[in-house]
Amino acid sequence: MPDLLANLNPEQLAAVTLPDEPALILAGAGSGKTRVLITRIAWLIRQGYASPPTVLAVTFTNKAAREMMARLSALLPIDTRGMWIGTFHGLCNRMLRAHYRDAGLPQTFQILDTADQLSAIKRLMKGLNVDDEKYPAKNLQYFINNAKEQGLRPKGVDATDAFNRKFVELYEAYDQQCQREGVVDFPELLLRCYELLAHNPPLRAHYQARFRNILVDEFQDTNKLQYAWLKLLAGEHNAIFAVGDDDQSIYAFRGANVGNMHDFEREFRVRNLIKLEQNYRSHGHILDTANYLIANNANRLGKNLRTDAGHGEPVRVYEAATDSQEAGWIVEEIKALINTGLSRGEVAVLYRSNAQSRTIEHTLVNAGIPYRVYGGLRFFERQEVKHALAYLRLIDNPNDDTAFARVVNFPTRGIGARSIEQVADAARLYNCSMAAAVPYVTGKAGTSLGAFATLIAKMRAETQQMSLPETVEYVVRASGLAAFYETEREGQDRLENLQEVVNAAAAFVSEEGYGLDTPARSIPLRPGATSAPEIAAVSEDGEIEVLDAPGIADPAQNPDTMTPLAGFLSHASLEAGDNQAQAGQDAVQLMTVHAAKGLEFTAVFITGLEEGLFPHENSAKEADGLEEERRLAYVAITRAKERLYLSFAQSRMLHGQTRYNIRSRFFDELPEGSLKWLTPKIEAGARWGGRADNAGWGRDWFARPGHERGGSSHGAAQTQERLPSFANEQRAAESGFKVGQAVFHTKFGEGTVTALEGSGGDARAQVRFKRHGEKWLALAVAKLQAVE
């Protein structure tokens, strides 16, 4: 069949034409695994080894299933509709529909999506008078789904304490409720189908006799129950053709078990393990970088990607002083790529955490570059961010009905739709805002609404003298948003986004020329005012009082003057509404590394490669956590076809505070011959106390001769340690302090040195204190201590 097997490489050909026995195909990134899977099915049918009704193929997305069916229809001249091709959930649904009586289901059973399932759980808990603060509905949902994915009914769950015993009791009640109502959730589809086959030998024998050819895509992403279901279908005689890549198993948090590949190889006594190592996507330097990195994982089946496309361009590495500078560099590089004729849609910016996108989005907006957040929402459009902004809007303007309606019952406080209708009716009747109408609502609804109004009033009072970042941080906590998301299964991303709102507020204050200590609702500073100290007096604590303090703008002369809070809210609305990437428009792609799996781009930026961020700090707490992070980095690297950029920052606003970082350990696992350092490389020994010696430097460094951005990598490779400018070095030596150093003040507490000026008796330091913001201190007077 020259037309079907034409242009297959030797490994692909061997996989497609394997005999009818269990096989494991290790398909590397960009190695043509989908083509192999489809061609295998077509080859089996053309050769007479299979007919369409004997084929069952499992994919992980409906899109992949549709694509597979369409391509098979084009390859085969026969009717292919007899094949079963779909996702695990889709195939199980099909089987349960055909055998609903045996499965104990009504013929018209309905499927609950994730949101419907949560609503059903909340309804159950309310009916049983269960305290939803002690037993959060989200946590119960996670508990039930996790148990089902392990193949466990309530009686099979090992409950070791009173809390889990209560969850088991609620799981059983939930099962009964679903059975009574004739509904199933997503995990139930697979568990019920597994039980159907396990407990009904004649039916199991029927499907084992029918599906003689079972093919599975993305085998590395299967969980325990999915693998058990496949084993039931295979029985003793059917062959499973499993295609996957253990190096791209990155969904452990969803229950995926990369160990299934090892178990399959052992339990099915696989003789045919074929490695697809020929890559058709990336150039050589990119593949070498990926191969060297993943080789550090111990528990892998092992393969090495190669290409005939040549080495291509080296992988560019950039070290920034701050995350803002990192974002600025990324945008400048994107501009340069676009100027060479590359479309914006062929450029992707990847990040480990969703919260990282805010700074990059802001810089892209300022540069007028359209972008799209793939698989997610733009920063200021995210649910948790909009909730936080709604609370801030109520503090700034309690008569904002849209903000009031959004958060009056979020987090839930017993204010239902009927209560909201009552206050809305009262507002119309008395021609006032909903907040002002609260006193007119009586009964239980009035009590609950009154408590919410009191909460807003308290937040307004408490934040009266707080700076904008402090106000945001306080509101996130006092509103209950942080506590609510702390109980969610996947709430960590949302918490990080809320903390990033604090960072956005701090960046806004800095960019707009407000003083860092300016109260959020005060009259703003003069445009362009700075904090440069012209000393008028020095307090006994060493704090400098300045002659030319940032002045107050005159609202009478400038009617457009806004408070920092009002200005920030306007800024957020404008960025959220600046939808430059309309449907079909050419736009830069922004996404998490998880969302990037299965995609490819001409140019890829992997950002935030710092210890604690990538690899993520949580990986140290989890079994095989570091190996999962390394696989995640491997996936990110192999998205790039021609250009790959790696970047990290010495300091980053993260989780509501400035963090001083060391570069990711992954850099020590990459091949030097494939890297081009755009900034001089700092050896690990040049760091102290977990921080970069040169944190906070950057602008004058990049201007130094011989170290221009994008210059020769040879000079960069020879420079093993970056040194500060001579002036900074001299000031540091005289004062005993360094920029970026942690210090302690008896009145202001812990802080970080951000600038040094003067010498001798006139020496002074600017320090960013955790609770008191920026302060200029006279070093001859201030009792400033270095923190070791």
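Quick note: numbers below take in every heavy atom, side chains included, and nothing from hydrogens, waters or symmetry partners.
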**Prompt:** Can Glu218 and Lys33 be counted as an ion pair, charged N to O under 4.0 angstrom?
**Reply:** yes
**Prompt:** So does Arg631 pair up with Asp246, basic N to acidic O under 4.0 Å?
**Reply:** no
**Request:** Mind checking side-chain hydrogen bond (donor to acceptor under 3.5 Å, both in side chains) for Gln110 and listing every partner two or more places apart, or none if nothing turns up?
**Result:** none
**Message:** Taking the six-membered ring of Phe601 as reference, does the cationic atom of Arg643 (NZ for Lys, CZ for Arg) lie under 6.0 Å from its centre and within 45° of its axis?
**Reply:** no
**Lys641 and Glu346 ion-paired at < 4.0 Å** = yes
**Message:** Under the side-chain contact (heavy atoms from CB on, under 4.5 Å) test against Cys193, which residue among Leu232, Leu96, Asn93 passes?
**Reply:** Leu96
**Prompt:** Which residue pairs pass the ring pair (Phe, Tyr, Trp, His ring centres under 6.0 Å) test when at least one of the two sits in residues 44-79, sequence neighbours left out?
**Reply:** Trp43-Tyr49, Phe60-Phe88
**Request:** Taking only Lys NZ, Arg NE, NH1 and NH2, and the carboxylate oxygens of Asp or Glu, determine whether Glu188 and Arg153 approach each other closer than 4.0 Å.
**Result:** yes
**Carboxylate-amine/guanidinium proximity below 4.0 Å for Lys676 and Glu313** = no
**Request:** For the pair Lys303 and Glu11, find out whether any cationic side-chain nitrogen is under 4.0 Å from an anionic carboxylate oxygen.
**Result:** no
Side-chain donor-acceptor pairs of residues 63-72 under 3.5 Å, sequence neighbours excluded:
from: Glu67; atom 1: OE2; to: Arg71; atom 2: NH1; distance (Å): 3.1

**Message:** Salt bridge check, Arg46 against Asp3: does any charged N sit closer than 4.0 Å to a carboxylate O?
**Reply:** yes
